[in-house]
Amino acid sequence: MVFIKKTVSLCPTCFEPLDAEVFEEDGKVWIKKECPEHGIFKNTYWTNVELYNRVDGYDPTIKSIENQQISHHEMGDASCPSNCGICEDHETSTVLGLIDVTNRCNLKCPVCFANAAVSKKLYEPSFEEIRQMLKNLRGLKPTPTPAIQYAGGEPTVRRDIVELIKLAREEGFSHTQIATNGLRLARKENLAQELADAGLNTVYLQFDGVTEEPYIYNRGKNLLPQKLQAIENCRKAGLGVVLVPTLVKGINDNQVGDIIQFAIKNIDIIHGVNFQPVSFAGRTPSDQVEQQRITIPDFVDLVSGQTDNQVDSDDFHPPSSVEPISHFVGALEGKEPSATLNCHQHCGIATYIFIDNEKIIPVTRFIDVDRLFKFLDENAIKIEEGGFAVKSRVLAKATKELPKVLDKSKTPESLDMAKLLANVFKDRSYSALGDFHHKSLLISCMHFMDPFNFDEDRVKKCVIHYAVPDGRIIPFCTMNSMYRQGIEEKFSVPFKSGKKSKLEE
């Protein structure tokens, strides 16, 4: 056993915070803790210590929120993760805000981390309560939250979902998306167009595979025809889609490559695939944790094996690796960037792929990304230090040096990367990034935590936060591991069977 670090985790039975150790054993990374009442728990953290260590080199910066909602120190209570909301211990701001607009759902999925639709209580914030939650997210200092996602439950069961998208735009969010199972998008042909007209940017579509079997297991029925119809309706409306498969070992882990190929065939409207290994919280069965656990290294191996090694481990980087881009652009603009992906380096992993004559080419094959990021970081610091005509000198250097990070022989024919880099970093024409995104496909994996693999270090650097009705803003994994049930009970009313909400059609 090789010790890696100490952290705070949770007892999976009573959810009390516990001291924990993260360590390497047999080439894997484990997390272990002991509850005085419920005993010792040893669970898989990452299944490949080499990848864990490589990713660990992308330690993100700390950019705390200045106007926290609560203070552990003033209240004299325990530290993180107790009494979340955001406190002075948190080390990042909110990049993506989430609001559960209802706990109603038109499905009862066996693997729902939100445990939606079965609580016998209706949690459905009013329009004005949601407005205030949006204001709370936009009121964070020094950086207001730039992006919002409505979730649930199933957000499209609310009759006012289109008005809620308009509201988010009114409150200043530059990016809006909904997390949906797609059923109403499929059944109500005009809904996608109405949402697009209201300002919706992205449909975050639950999508578990290209055959019926994963849906029968994960969702209780074959939903593939509805998924395909929802995508087609989004295509008609020009509404971008990100596929979100919930990966369960033995259920759909053999369809990772097929899902990527499906996205490639529909790259005109599908902009990314964000795989999410099943999280053992909410309604997900906890007696199969080790048998069904898929970690980030497992995901990388699945992608490699199912794409004929066209994408491999070295092509993937954590989200925090792209911080130098925000750093450099912010220095050029002389202001704090609107969003910095400074989440914990072990929260996720991603790469961009391009298609050239039906061949998959990851961005890392024709861009030396580490060299690019190093150049941007070093020169951002030079700009911030100041000096005579420093911006002009740095940009002149960028024009000469940035083409050196490219391998033109491997660059897809459809992409003029030299021109794109010049447009972005010299002329600051950020519309050029749109061309990059439309020709690429983001392949990513976010491994949300549960009480078994809960790590306080990751919580402190979370950038995906829920806004809740009492004014608090709570990190994603503490919300679903610790706080969801209490918040829904506090702000819900008894659900009357057979009687529709006034917001439901």
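No hydrogens, no waters, no symmetry mates; every other heavy atom, side chains included, goes into these values. All figures in this text were calculated on a predicted structure; none of them were measured in a lab.
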Check the pair Thr295, Lys28 against side-chain contact (heavy atoms from CB on, under 4.5 Å), reporting the backbone distance first and the verdict last.
CA-CA 11 Å; Thr295 69; Lys28 299 180 180 181; over 6 Å; no
Please answer whether the main-chain N or O of Gly387 pairs with a side-chain N or O of Arg393 as donor and acceptor at a distance below 3.5 Å.
no
Shortest non-hydrogen contact between Arg293 and Phe452, atoms and distance
NH2-CB, 3.7 Å
With a 4.0 Å cut-off, would you call Asp89 and Lys460 a salt bridge?
no
What I'd like to find out is whether the side chain of Ser320 reaches to under 4.5 Å of the side chain of Asn342, using heavy atoms alone.
no
Taking Ala20's backbone N and O only, do any of them form a donor-acceptor pair with Thr7's side chain (distance below 3.5 Å, no angle check)?
no
Just by modelled atom types, is the Met479 backbone N or O under 3.5 Å from a matching donor or acceptor in the Tyr466 side chain?
no
Does Thr176 reach the main-chain N or O of Gly199 with its side chain, forming a donor-acceptor pair under 3.5 Å?
yes
Taking it one step at a time, do His346 and Val55 satisfy side-chain contact (heavy atoms from CB on, under 4.5 Å)?
CA-CA 7 Å; His346 292 123; Val55 167; 3.9 Å; yes
Quick one: does Gln306's side chain have a donor or acceptor within less than 3.5 Å of a partner on Asp253's backbone?
yes
Asp56 side chain vs Gln345 backbone, donor-acceptor pair below 3.5 Å:
no
May I ask you to decide whether Lys42 forms a salt bridge with Glu25, counting only side-chain N to carboxylate O separations under 4.0 Å?
yes
Hey, is the main chain of Val210 close enough, under 3.5 Å, to the side chain of Gln255 for a donor-acceptor pair?
yes
Where Leu10 and Pro81 come nearest, the two heavy atoms and their spacing:
CD2-CG, 4.2 Å
Pairing of Lys382 and Glu385 as salt bridge, 4.0 angstrom limit:
no
side-chain contact (heavy atoms from CB on, under 4.5 Å) partner of Gln310, chosen from Ile361, Ile353, Ile360
Ile360
Knowing that exactly one of Thr94, Thr145, Thr478 qualifies, which makes a side chain to side chain donor-acceptor pair (under 3.5 Å) with His465?
Thr94
For Thr92, does its backbone N or O pair with a side-chain atom of Lys461 as donor and acceptor, under 3.5 Å?
no
Ser279 (side chain) donor-acceptor with Met449 (main chain) under 3.5 angstrom
yes
Parallel, tilted or perpendicular: which describes the rings of Phe448 and Phe476, with under 30° parallel and over 60° perpendicular?
parallel
Report yes if some heavy atom in the side chain of Ile4 is under 4.5 Å from a heavy atom in the side chain of Glu24; otherwise report no.
yes
Measure the shortest side-chain to side-chain distance between Asn201 and Gln177 over non-hydrogen atoms and say whether it is less than 4.5 angstrom.
no
